[in-house]
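A quick write-up on the structure given underneath.
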Protein chains: 2
Amino acid sequence: MATSGRADDTRPAARAGEAEGGAGDTAPGPLDSVLRPVRAGNGFEEALEQVLQLLRLGLVPPGERLPSERELSQHLRISRVTLREVLKVLQDQNMVESRRGRYGGTFVLPRTAAPDGDGELRRRIAAVDVEDTLRFREVLEAGAAGLCAEGLTAEGEGRLRGALDATRGARLEDYRRQDTLLHLTLAELSGSRTLAAQYAAVRATLNELLDGIPLLVRNLEHSQQQHAAVVEAVLDRDPDAAREMMREHCGGTAALLRGFLA
Amino acid sequence: MATSGRADDTRPAARAGEAEGGAGDTAPGPLDSVLRPVRAGNGFEEALEQVLQLLRLGLVPPGERLPSERELSQHLRISRVTLREVLKVLQDQNMVESRRGRYGGTFVLPRTAAPDGDGELRRRIAAVDVEDTLRFREVLEAGAAGLCAEGLTAEGEGRLRGALDATRGARLEDYRRQDTLLHLTLAELSGSRTLAAQYAAVRATLNELLDGIPLLVRNLEHSQQQHAAVVEAVLDRDPDAAREMMREHCGGTAALLRGFLA
DNA sequence: AAGCAATGGTTCTCTGTCATACCTTATGCC
DNA sequence: GGCATAAGGTATGACAGAGAACCATTGCTT
């Protein structure tokens, strides 16, 4: 029994992209904003994505140790077994290395110079909605800069200055990391945890895109001037200026990326 | 065996909130932006949250039918069994009603006048970081308005006008819904799917908060003027004005909420 | 040298979820 | 009236993942 009788359920349902036709009452568009998959992958994939974020953002620089498996799995709310599968993948990719014993742990390895045979990179980029990323990024950055300028504490002031200084002293191969850290600091000082978290996600995507294009010293210097201007505006408690400068700064990166990926 | 011997794993780890102490090298803050739970709940809870969004946003108004169980489960990427558990909860809460047979389905019931014994409401609000919500909302709204003003298509123009008109004709009990729809339209026209999705989420939270305070006609009229001003700025392709007006508009709601929830 | 503590490595069981198939009910159309 | 259809309702087998307990390795402390 249970042969090819009436396969009742689980039909393709024409196309799974659009919920309603044009029924005239319930709008077809808005539903898609909410009715998106509850989970982006098998849970293991999602954890992998987050640990990758950690590396792409440079929050744990090469040579440093990740939090222990027990800590990480608790933070990510996945079992240690699943987390270890994630780490296994990263080990196979030569991105991290695990050492046992006390004071052991999982350590970040320096980036091996892009072994991807060109095809892999383009495939990753194709999977990203570049326009979405750039626009969303600009919105978050400008908003964060504005919020910072409105309610910056003395402690925040210190952190911001520190982050800016760090970008100045950074060597070329460390610049992207310090740049990321500066922007991440701004996002955190915005006073919205959600904003910070979302920025972290979009920035990880952005860094992945940026890895595909050359880092020009000229752009870097320009970028650095803009950083200074943004921070200055924030320290002056001038939200409008901060937002405006940040938008300009983001526009630069966006133009660069659009140019290279066109 | 397996008694109270050495309970090796699964220790409380002092406190699960902060990853690193003040180790001096790896910053303690930024890690938290990324190391957040992979899944907010047991997957069933997350689905429940999304269906609740659907209702709170008024995307499916009272009396209307939700997408069929098969469709919904496919969109949310959960099994029909799990989805039915979600719907079961909503049925028990008298929020939806299921009817069998062809042209049956799950229908949204009109809101039963807040049966919560006051305690429930406060508990829900306490679970929300109000400041986070308000700030993040303002950032997204202002950003969306700006992006809209920059690249509005003819079709978008029509949708925007339509949404604004709908708010004008709305009766008092339907106003919140039309208001939400207008803002959601703006978010979608921003050209960033991520922005739209995030706005939907934050707006659902906001609506939940707004349900706790009275709807004053005076505020409503003021709100309506601001809506018109924002839309006008967008139609004039004036991003700065659009952003500025939207920020003002959001500021009004924020002040109202802060006042009532103080 | 011995012991302790923190880490990665392994194995087990049990629950939640998925996929699939099938049943039941109501409606419109012929 | 009968049938096709679309919806909700139900049952079951397989599997991924969580949780807990354990083992193995290392380096610091005594």
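What you see is a predicted model, and the numbers here were worked out from it, not measured in a lab. Letters go in sequence order (proteins before strands), and every chain restarts at 1.
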Quick one: does [X] reach the base of [N] with a side-chain donor-acceptor pair under 3.5 Å?
X	N	answer
Arg100(A)	dT26(D)	no
Arg80(B)	dG9(D)	yes
Arg70(A)	dG8(C)	yes

Comparing Gly101(A) with Glu45(A), nearest DNA chain D nucleotide closer to 5' gives the residue Glu45(A)
Phe44(A) or Tyr103(A): which one's nearest nucleotide on DNA chain D is closer to the 5' end?
Phe44(A)
Tell me: [atom1] of [X] to [atom2] of [N], nearest whole Å?
X	N	atom1	atom2	value
Leu83(A)	dG8(C)	CG	P	9 Å
Glu97(B)	dG9(D)	CD	P	11 Å
Leu76(A)	dG19(D)	CG	P	13 Å
Glu69(A)	dA18(D)	CD	C1'	15 Å
Arg77(A)	dA16(D)	CZ	P	24 Å
Leu66(B)	dA6(D)	CG	C1'	16 Å
Gln74(A)	dG17(D)	CD	C1'	16 Å
Glu85(A)	dG8(C)	CD	P	16 Å

How long is the gap from OG1 on Thr180(A) to OH on Tyr199(A), to the nearest 0.5 Å?
6.5 Å
Hey, could you give me the CG/CD distance between Leu109(A) and Gln91(A), rounded to the nearest 0.5 Å?
9.5 Å
Worked check of side-chain contact (heavy atoms from CB on, under 4.5 Å) between His183(B) and Arg137(B):
CA-CA 11 Å; His183(B) 285 266; Arg137(B) 183 227 175 176; 3.7 Å; yes
Establish, with yes or no, whether the OP1 or OP2 oxygen of [N] is under 4.0 angstrom from a side-chain nitrogen or oxygen of [X].
X	N	result
Arg102(A)	dC4(C)	no
Arg65(A)	dT7(C)	yes
Thr106(B)	dG8(D)	yes
Thr82(A)	dA16(D)	no
Arg84(B)	dG9(D)	yes

Evaluation steps, salt bridge (Lys or Arg N to Asp or Glu O under 4.0 Å), between Glu188(B) and Arg193(B):
CA-CA 7 Å; Glu188(B) 279 178 16; Arg193(B) 286 185 68 86; over 6 Å; no
Side chains of Leu160(A) and Leu189(A) in contact at under 4.5 Å (non-hydrogen atoms):
yes
Both Arg99(A) and Ser79(B) contact DNA chain C. Which one's nearest nucleotide lies toward the 5' end?
Arg99(A)
Could you tell me whether Leu87(B) contacts a base, only the sugar-phosphate backbone, or nothing, with contacts defined as non-hydrogen atoms closer than 4.0 Å?
nothing
